[in-house]
Amino acid sequence: MCSNCGQRCQGRYDQRTCRVRDLRVAGWVVYLEFERWRVRCSGCGGVHVERLDWLAQNPRYTERFALHVGRLCTSMSNKAVAELERLHDSTVKDLSKLYMQEQVRRAGRLKPRAIGIDEIAVRKGHDYRVVVSDLDQGRPIWMGGNGRTQADVEQFFAQLGGKASDGIELVVIDMWRPFRNAVRDKAPNAEIVFDKFHILRHLSNALDQVRRDEYRRLQGKDRSWIKGQRYTLLSAQENLTLEGRQALRKLLAANRRLNTAYLLKESFGQLWSYRTERGARAFFERWKQSLRWQRLGPYRKFADMIERHWDGIAAYCRPENKVSLGMVEGLNNKIRVIQRSAYGYRDEEYLRLKVIASFLPPLPENARLHPH
């Protein structure tokens, strides 16, 4: 069989002896030696090496060995796999790529209904890449761009295609304007929902600003209650140790303004539990009324920000928009774990494959890594 066009050939051109690595047997490293022909193909009019289906795309290994190495790379670092199988690091990387490319191919064409868009830092110096996730399937489906601009997000919609982009019904993003502009231009039928955890992060920053303002305002013993308590104040109570909870109670008892700010922050999360926009709006108006006479400037700025972005918050109240808002942040945390496991990837194409394939099911035992 011609490896270029797949046509059966009658004429042989020449032959040579090849050696390829195969699976171990009883702990022994096994190599196979065989004669491989070059054929003169009448179909494409050239001389090409014959196709052998049991060889990997890398002709120094059998396909089942490449499948074995790729499967190991899903649960082990490349360095550990290289030491185990006595391979070079670059060889393990190449075989891992073949495995992950087949995983992505088997996942099929992208037709998402609800997506999440966020950015991830790939290295120091504010070097970002856009990550798009399918919220119904709970996995990332695209990673790319050279930053977090509108043009970077539009690259995803260009790859997805206009018809599939029109089929997107819901997009979860943070309040970053370039992301909003890209969604409105390229997915006009999609409803925008702002990510709850990005909003709560702004509220945590407002609480931290109140803490700093109080520290500057107070003197002596009153200031000592606040010093060194940033983590205690901003952490969720369930994440605190017994000692941390005791310190939090003492801090809130010693400073009335911090106590008020803390209670307002804890109660704000109730906003996402409402099933109607009317109920959510009534809750937010009551929450804003609680700010009166409290002299909490950072909280008033936060409330103004919520007013400006209310449509993207109220959209979550509709039952059809109730998706897991924590999924985007959870996926980003897993991506960071992938990055740390290899101390950062220099090959961005490999990082992109690693991120997408890590959420896909493993290949079956009889899978083909380069189906014709």
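Only this structure's heavy atoms are used, side chains among them; waters, hydrogens and symmetry mates stay out. All residue numbers refer to positions in the sequence shown, counting from 1.
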Quick one: side chains of residues 186-193, donor-acceptor pairs under 3.5 Å with protein atoms, not counting sequence neighbours, listed by atom name and distance.
from, atom 1, to, atom 2, distance (Å)
Asn189, ND2, Asp166, O, 3.0
Glu191, OE1, Asn321, ND2, 3.2
Glu191, OE2, Arg318, NH1, 2.4

Quiz item: Does a side chain donor of either Gln229 or Thr232 reach within less than 3.5 Å of an acceptor in the other side chain?
Solution: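 Side chains of Gln229 and Thr232: pair found under 3.5 Å.
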Kindly indicate whether the side chain of [X], heavy atoms from C-beta on, has any atom under 4.5 Å from the side chain of [Y].
| X | Y | value |
| --- | --- | --- |
| Ile313 | Phe284 | no |
| Arg8 | Met1 | yes |
| Gln103 | Met100 | yes |

Hey, quick one: are [X] and [Y] part of the same hydrophobic cluster, counting side-chain heavy atoms closer than 4.5 Å, chains of contacts allowed?
| X | Y | answer |
| --- | --- | --- |
| Leu23 | Leu363 | yes |
| Val172 | Met305 | yes |
| Ile356 | Tyr128 | no |

Quiz item: Salt-bridged, Asp213 to Arg216, with N to O below 4.0 Å?
Solution: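 Counted as a salt bridge, because a side-chain N and a carboxylate O are separated by less than 4.0 Å.
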Exercise. Ignoring hydrogens and angles, tell me if any N or O in the side chain of Asp174 forms a donor-acceptor pair with the backbone of Asp195 under 3.5 Å.
Key: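 Checking the backbone N and O of Asp195 against the side chain of Asp174, no donor-acceptor pair under 3.5 Å is found.
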Exercise. Verify, without hydrogens or angle tests, whether Glu50 (side chain) and Trp37 (backbone) share a donor-acceptor contact under 3.5 angstrom.
Key: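 Between the backbone of Trp37 and the side chain of Glu50 there is a qualifying donor-acceptor contact (under 3.5 Å).
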Practice problem: Just do the side chain to side chain donor-acceptor pair (under 3.5 Å) check on Thr91 and Asp94 with the steps written out, would you? | Solution: CA-CA 5 Å; Thr91 301; Asp94 291 341; 5.6 Å; no
Quiz item: To the nearest 0.5 Å, how far apart are CG in Leu207 and OH in Tyr299?
Solution: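 So the CG of Leu207 and the OH of Tyr299 are separated by 4.0 Å.
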Quiz item: Atom CZ in Arg129, atom CH2 in Trp142: separation rounded to 0.5 Å?
Solution: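 If we round to the nearest 0.5 Å, Arg129:CZ and Trp142:CH2 are 10.0 Å apart.
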Exercise. Would you please classify the geometry between the Phe179 ring and the Trp176 ring as parallel, tilted or perpendicular, with 30° and 60° separating the classes?
Key: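 Geometry flag for Phe179 against Trp176: perpendicular rings.
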Quiz item: For Glu154, what residues pass the salt bridge (Lys or Arg N to Asp or Glu O under 4.0 Å) criterion, not counting sequence neighbours?
Solution: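 With neighbours one apart ignored, the set is empty.
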Quiz item: Does Asp208 have any salt bridge (Lys or Arg N to Asp or Glu O under 4.0 Å) partners at least two apart in sequence or in another chain, and if so, which?
Solution: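 Result, salt bridge (Lys or Arg N to Asp or Glu O under 4.0 Å) vs Asp208: Arg211, Arg212, Arg230.
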Quiz item: Do Lys196's NZ or CZ and the ring of Tyr316 fall within the cation-pi criteria of under 6.0 Å and 45°?
Solution: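 No.
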Quiz prompt | Audit row: Glu348, Arg352, salt bridge (Lys or Arg N to Asp or Glu O under 4.0 Å) steps and yes/no | solution = CA-CA 6 Å; Glu348 288 203 18; Arg352 184 189 70 82; over 6 Å; no
Quiz item: Do other residues, nucleotides or ligands put more than 12 heavy atoms under 6.0 Å from the CZ atom of Arg278?
Solution: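 It does not: Arg278 CZ has 12 such atoms or fewer within range.
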